[in-house]
Student: 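Here it is, the structure in full.
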2 protein chains.
Amino acid sequence: MARTQGSRAHITGPLIRDTARRLFARHGYAAVSMRQIAAAVGVQAGALYAYTPDKQALLRDLLDSHMQDLLDAWRDDPGAAPLARLERFVRFHIAFSLDHPDAVFLSYMELRNLEPANFARITALRGRYEAALEAILRDGVAAGAMRIEDPKLTTLALIAMLTGVTNWYREGGRLDRDRIVQIYWGLARGAVGA
Amino acid sequence: MARTQGSRAHITGPLIRDTARRLFARHGYAAVSMRQIAAAVGVQAGALYAYTPDKQALLRDLLDSHMQDLLDAWRDDPGAAPLARLERFVRFHIAFSLDHPDAVFLSYMELRNLEPANFARITALRGRYEAALEAILRDGVAAGAMRIEDPKLTTLALIAMLTGVTNWYREGGRLDRDRIVQIYWGLARGAVGA
DNA sequence: GTCTATAAATTGATAGAC
DNA sequence: GTCTATCAATTTATAGAC
């Protein structure tokens with residue numbers, strides 16, 4: 001018989017987050033019940049509430065920590081050439097997206113299910129990430145290394161293009177990661193007129 | 001007092017579809033109840049079932065008719081120069097996306113809530129649309145008018161980039177539609193090496 | 001920390017009157 | 001075609017035992 005009692009707090013906490021992230025990404029926040037999460041984790045529904053005050057907080061924490069991780073992981077080198085910085089950004093964004101596909105998917109799919117205060121917080125973090133790319137583009141224009149009509153729109157367009165890899169990438173598919181980065185870098189370089 | 005009885009079938013049918021599309025796009029399919037749709041339409045929940053056998057059929061019909069509309073609306077001119085065809089595609093895709101933002105959003109957001117048979121059908125229609133762009137890119141490469149490393153990936157990348165306008169466009173914003181098309185066409189043209 | 005049990009509300013869908 | 005009323009299942013969240 002399986003365990004029916006006893007504490008496993010050291011693994012249950014992270015497991016709840018991992019499980020919720022996967023199920024939310026696959027079926028949508030509203031479509032996944034706390035009972036489904038609990039069943040996949042291997043606990044009863046009531047046990048979840050020792051880790052999160054409610055379902056909304058679970059979603060907010062997932063999106064919040066994802067955006068924090070993303071911002072912490074990106075390190076620009078303002079001293080390098082703008083084109084080299086852009087290439088690094090392309091490589092970073094694709095790698096991060098493929099390493100955390102569920103979190104990336106969630107963070108732009110479930111914004112609408114956040115309460116206003118949480119929505120504002122996540123949107124602000126996203127704005128900081130976009131500003132990081134926009135700064136590269138503006139420096140590239142200033143240095144004469146890029147030709148860009150509208151840096152703000154180009155930022156959004158490039159991020160949408162790069163994030164799109166999560167929609168079709170499958171491990172072991174036709175193209176490996178380096179090849180994908182190479183192709184997208186060619187597209188991005190052309191788009192900025194370099 | 002408001003009407004509490006009587007048939008208004010000629011307007012209720014389309015109204016249910018319009019309302020469901022808007023609410024599904026805003027809050028997500030699973031998050032919207034049949035009662036909420038009915039209330040927004042101005043009927044009681046039971047009345048909806050005179051128009052749709054169930055909630056799933058309502059979603060399927062919305063996605064199906066959107067993809068049909070999209071395919072019907074796009075008319076390529078295989079005799080024209082590849083770059084001119086691509087420019088027309090960019091203009092068309094952006095215009096269609098901004099004219100039907102909810103339908104576009106739904107059609108790539110709620111695929112996961114379709115039953116397998118419905119999912120396969122919608123995905124096949126989407127494949128036909130992608131093939132239309134890919135044909136232009138291949139012709140452009142063959143004619144020496146474009147330099148593209150991978151036409152398939154470039155197709156997906158361009159569509160993701162163009163569809164992204166629905167994420168930030170607001171009527172009466174900083175840029176009008178013609179200007180947006182102009183900017184995105186510049187990005188697309190550069191991306192394909194023209 | 002986890003369980004069992006349950007409260008209170010909401011869900012998709014149906015039946016039958018008009 | 002629409003309404004009212006309702007069923008059966010499911011939902012989030014809580015209370016109290018262990």
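Throughout, a chain's letter reflects where its sequence line sits, starting with A, and its residues are numbered from 1.
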Student: What residues in residues 26-40 of chain B put a non-hydrogen atom under 4.0 Å from any atom of DNA chain C?
Tutor: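 Residues of residues 26-40 of chain B that come under 4.0 Å of DNA chain C are, in numerical order, B:V32, B:S33, B:M34, B:R35.
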
Student: Quick check on the 6.0 Å ring-centre criterion: do B:F89 and B:F96 meet it?
Tutor: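 Ring centres of B:F96 and B:F89 not closer than 6.0 Å.
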
Student: So if I take every side-chain heavy atom of B:Q44 and compare against C:dT2, D:dC3, D:dT2, which nucleotide ends up nearest?
Tutor: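 It is D:dC3.
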
Student: So does B:T12 get a side-chain nitrogen or oxygen closer than 4.0 Å to the phosphate oxygens (OP1/OP2) of D:dG1?
Tutor: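 Checking D:dG1 against B:T12, no side-chain N or O comes under 4.0 Å of OP1 or OP2.
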
Student: Who are the ring pair (Phe, Tyr, Trp, His ring centres under 6.0 Å) partners of B:Y169, not counting sequence neighbours?
Tutor: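 In terms of ring pair (Phe, Tyr, Trp, His ring centres under 6.0 Å), with neighbours along the sequence ignored, B:Y169 is linked to no residue.
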
Student: What distance separates B:L59 CG from B:S107 OG, expressed to the nearest 0.5 Å?
Tutor: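 Here the interatomic distance stands at 10.5 Å.
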
Student: Whole-Å distance between C:dT4 C1' and A:L48 CG?
Tutor: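 After rounding, the reported distance stands at 15 Å.
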
Student: Given atom CG of B:L15 and atom C1' of D:dT2, what is their separation to the nearest angstrom?
Tutor: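 That distance rounds to 14 Å.
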
Student: Residues two or more places apart in sequence or in another chain: which of them pass side chain to side chain contact (heavy atoms under 4.5 Å, CB included) with A:A160?
Tutor: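 Residues passing side chain to side chain contact (heavy atoms under 4.5 Å, CB included) with A:A160: none at all.
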
Student: Between B:R88 and B:D77, is the closest basic N to carboxylate O distance under 4.0 Å?
Tutor: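 No salt bridge links B:D77 with B:R88.
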
Student: Would you call the rings of B:F92 and B:W74 parallel, tilted or perpendicular if under 30° counts as parallel and over 60° as perpendicular?
Tutor: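 Because their plane-to-plane angle lies in the 30° to 60° range, the rings of B:F92 and B:W74 count as tilted.
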
Student: B:A143: which residues meet the side chain to side chain contact (heavy atoms under 4.5 Å, CB included) condition with it, sequence neighbours left out?
Tutor: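 With sequence neighbours excluded, B:A143 shows a side chain to side chain contact (heavy atoms under 4.5 Å, CB included) to B:P82, given in chain and number order.
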
Student: The side chain of B:Y49 lies closest to which of these nucleotides: C:dA13, D:dG1, D:dC3?
Tutor: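 The listed nucleotide nearest to B:Y49's side chain is C:dA13.
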
Student: Taking side chain to side chain contact (heavy atoms under 4.5 Å, CB included) as the definition, give me every residue that meets it alongside B:D18, ordered by chain and number, with sequence neighbours left out.
Tutor: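 Expected list: B:R21.
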
Student: Please list residues of residues 54-64 of chain B whose heavy atoms come under 4.0 Å from any atom in DNA chain C, ordered by number; otherwise none.
Tutor: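 Residues of residues 54-64 of chain B that come under 4.0 Å of DNA chain C are, in numerical order, B:D54, B:K55.
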
